[in-house]
Amino acid sequence: NHEGKVLDETYKMMRLIATTIRPYTIADLPRVREIFINWNRQITPSGLEAPFESYIQKSLVEEIECIPDYYGGRGSGFWVVEFCGIVAGMAGLERLTNDKVEVRRMYVAEEFRRRGIGAMLLGHLESWAKAFGYRQIVLSTSELQPQAKNLYESRGYELAREEVAQSQTNRTVGGGIRRFYFEKWL
């Protein structure tokens, strides 16, 4: 009905007005840490608690707690999404080559999911990468994150490969979890 469509459009406009994507600042660290830790604990499969806790600590030390250094190089960046003044999500872009950039650490806090924030953030990353001159954007996700996989496929990312990660890095927990690697030409 017409009234329902008007309300839906009004809600969409309110969401856009209330949402801001901005560069990360050090003041964001506590919230970024919280989102990262909570999400990884939420998706931890039974029996893999110890490897996930190890991965969380490794990633905090090597990346999350030093975002300005890790993402501060030319052609890289890290952003947060604010919804009504609260950091609701985050993502980074890491330069791989002159033509290729990788989406990293894309998370939306649980209480803000299913509002289009992830899609909005991904669109921002793609626009920034294109404006910076990148020709290709790549990313990965795991079998534990089917919503992320669906988002990437709906945004035109093509599956490049799958692999089962055995060893732990600051990019993957390992533990035999299947990872999906996607790419998109800009």
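Quick caveat: nothing in here was measured; it's all calculated off a predicted structure.
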Between [X] and [Y], does any side-chain donor sit less than 3.5 Å from a side-chain acceptor?
X	Y	value
E63	Y71	yes
Y157	E126	yes
R105	S59	yes

Would you kindly check if the NZ (Lys) or CZ (Arg) of R115 is within the cone defined by 45 degrees around the ring axis of F83 and under 6.0 Å from the six-membered ring centre? yes

Kindly determine whether V138 and K100 satisfy side-chain contact (heavy atoms from CB on, under 4.5 Å), including the steps that lead there. CA-CA 7 Å; V138 299; K100 187 187 303 185; 3.9 Å; yes

Run the ring-centre check on F78 versus Y24 and record whether the distance is less than 6.0 Å. yes

Rounded to the nearest 0.5 angstrom, the CZ-CD distance for F52 and Q42 is 11.5 Å

Side-chain contact, heavy-atom cut-off 4.5 Å: L60 with R33? yes

Are L93 and M106 side-chain neighbours, meaning at least one heavy-atom pair lies under 4.5 Å? no

Steps toward side-chain contact (heavy atoms from CB on, under 4.5 Å) verdict (Y134, R95): CA-CA 9 Å; Y134 289 112; R95 179 186 183 275; 3.1 Å; yes

More than 12 heavy atoms from other groups under 6.0 Å of CD on E158: no

If you count heavy atoms of other groups shown closer than 6.0 angstrom to CZ of R135, is the number above 12? no

Look at the rings of F132 and W128 and say which category their plane angle falls in: under 30° parallel, 30 to 60° tilted, over 60° perpendicular. parallel

Look at the aromatic rings of F36 and Y55 and report parallel, tilted or perpendicular, splitting at 30° and 60°. tilted

For the pair R179 and E163, find out whether any cationic side-chain nitrogen is under 4.0 Å from an anionic carboxylate oxygen. no

side-chain contact (heavy atoms from CB on, under 4.5 Å) between E143 and I177: does it pass, once the steps are laid out? CA-CA 7 Å; E143 64 186 321; I177 296 171; 3.8 Å; yes

Please name the pair of heavy atoms, one in G89 and one in I35, separated by the smallest distance, quoted to 0.1 Å. N-CD1, 4.1 Å

